Trainee: 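The structure that follows is given in the form of structure tokens.
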Amino acid sequence: DTGVSQDPRHKITKRGQNVTFRCDPISEHNRLYWYRQTLGQGPEFLTYFQNEAQLEKSRLLSDRFSAERPKGSFSTLEIQRTEQGDSAMYLCASSLHGTSGSDEQFFGPGTRLTVL
Amino acid sequence: GQNIDQPTEMTATEGAIVQINCTYQTSGFNGLFWYQQHAGEAPTFLSYNVLDGLEEKGRFSSFLSRSKGYSYLLLKELQMKDSASYLCAVNVDAGKSTFGDGTTLTVKP
């Protein structure tokens with residue numbers, strides 16, 4: 001399977017704990033995006049990378065959230081001191097950004113986080 | 001800020017045609033996407049418009065009017081499997097896309 005993969009698919013944690021999610025993009029894609037989605041809402045942009053550089057981070061994202069893409073391949077999203085409001089589906093997407101094309105984003109299956 | 005509006009819910013009959021509208025007011029525009037999302041699954045790409053006009057792809061067509069900040073997704077010959085949420089998303093700069101909250105389409109026999 002050469003699509004976007006995410007791990008874990010489900011995570012249940014207690015409030016105050018730290019969690020880390022992993023995303024493996026499509027191998028030739030240079031851009032990687034993180035979104036958060038809650039029931040009945042569209043995906044909300046969190047951050048994105050071009051290769052290993054983090055180009056933008058949403059102002060809605062608190063300092064408890066951090067993302068890395070150290071070698072320009074896989075990425076991790078860490079949430080420190082989780083809160084119940086962090087419960088959501090965390091989606092990763094990748095795209096091939098170049099001089100032509102649509103930057104069509106291919107989404108992974110998501111990681112569903114439940115904070116108790 | 002960014003604002004993307006779509007109807008919350010729509011219902012249509014199997015075999016019919018349905019049009020899902022999307023209006024947007026964004027700080028930038030580098031194209032508009034439509035995605036399909038089944039419950040509990042990730043969004044999947046349906047179409048992309050960057051120039052005004054109609055793009056047709058099988059049973060699905062998408063239209064864009066940049067001057068009006070308006071797009072629609074047209075689904076023909078509806079099938080039960082088309083029951084899903086349909087997301088309108090605007091690429092507001094070279095990377096970031098802003099999504100609407102989606103239109104939940106229910107196809108009835």
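Quick note: numbers below take in every heavy atom, side chains included, and nothing from hydrogens, waters or symmetry partners. From a predicted model like this one, the values you see are computed outputs, not experimental measurements. Sequence lines set the chain letters: A, B, ... in the order given, protein chains first and strands last, and positions in each chain run from 1.
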Trainee: Name the region of A:Phe106, side chain, backbone, both or neither, that has any atom closer than 4.5 Å to a heavy atom of chain B.
Mentor: neither
Trainee: Side-chain heavy atoms nearer than 4.5 Å, only ILVMFWY residues, links allowed to pass through others: does that put A:Tyr90 and A:Val19 together?
Mentor: yes
Trainee: Give, for atom CZ of A:Arg31 and atom NZ of B:Lys96, the distance between the pair rounded to the nearest 0.5 Å.
Mentor: 12.5 Å
Trainee: Aromatic ring centroids of A:Phe107 and B:Tyr35 under 6.0 Å?
Mentor: yes
Trainee: Quick one: pull up OH in A:Tyr33 and OG in B:Ser97 and give me the separation to the nearest 0.5 Å.
Mentor: 6.5 Å
Trainee: Counting only non-hydrogen atoms closer than 4.5 Å, does B:Thr8 touch chain A with its backbone (N, CA, C, O), its side chain (CB onward), both, or neither?
Mentor: neither
Trainee: In terms of hydrophobic clusters joined by side-chain contacts under 4.5 Å, are A:Phe65 and A:Phe21 together?
Mentor: yes
Trainee: Please say yes or no: joined through hydrophobic side-chain contacts below 4.5 Å, possibly via intermediate residues, are B:Leu46 and B:Phe63 part of one cluster?
Mentor: no
Trainee: Check each atom of A:Gln37 against the heavy atoms of chain B and say whether the ones under 4.5 Å are side chain, backbone, both or neither.
Mentor: side chain
Trainee: Considering only heavy atoms, which portion of B:Gln6 lies under 4.5 Å from any heavy atom of chain A: side chain, backbone, both, or neither?
Mentor: neither
Trainee: Are B:Leu74 and B:Leu32 grouped together when hydrophobic residues (ILVMFWY) are joined by side-chain heavy atoms under 4.5 angstrom apart?
Mentor: no
Trainee: If you compare all heavy atoms of B:Pro43 against all heavy atoms of A:Leu91, which two are closest, and at what distance to 0.1 Å?
Mentor: CD-CD1, 4.0 Å
Trainee: Give the cluster check for B:Ile20 versus B:Leu54: same hydrophobic cluster or not, with ILVMFWY residues linked at side-chain heavy-atom distances below 4.5 Å.
Mentor: no
Trainee: So with a 6.0 Å cut-off around CD of B:Gln25, is the heavy-atom count from everything else above 12?
Mentor: no
Trainee: Is A:Leu39 atom CG crowded by more than 12 heavy atoms from other residues, nucleotides or ligands, each under 6.0 Å away?
Mentor: no
Trainee: Taking atom NZ of A:Lys57 as the centre, does the number of heavy atoms from other residues, nucleotides or ligands within less than 6.0 Å exceed 12?
Mentor: yes
Trainee: I need the minimum non-hydrogen distance between B:Phe33 and A:Glu104, along with the two atoms involved.
Mentor: CE2-CA, 3.7 Å
Trainee: Is A:Glu56 in contact with chain B via its backbone, its side chain, both, or neither, using a 4.5 Å heavy-atom distance?
Mentor: side chain
Trainee: For residues A:Pro43 and B:Leu87, report the shortest heavy-atom separation together with the two atoms involved.
Mentor: CD-CD1, 3.9 Å
Trainee: Measure centre to centre between the rings of B:Phe99 and A:Phe45, then say whether the value is under 6.0 Å.
Mentor: no
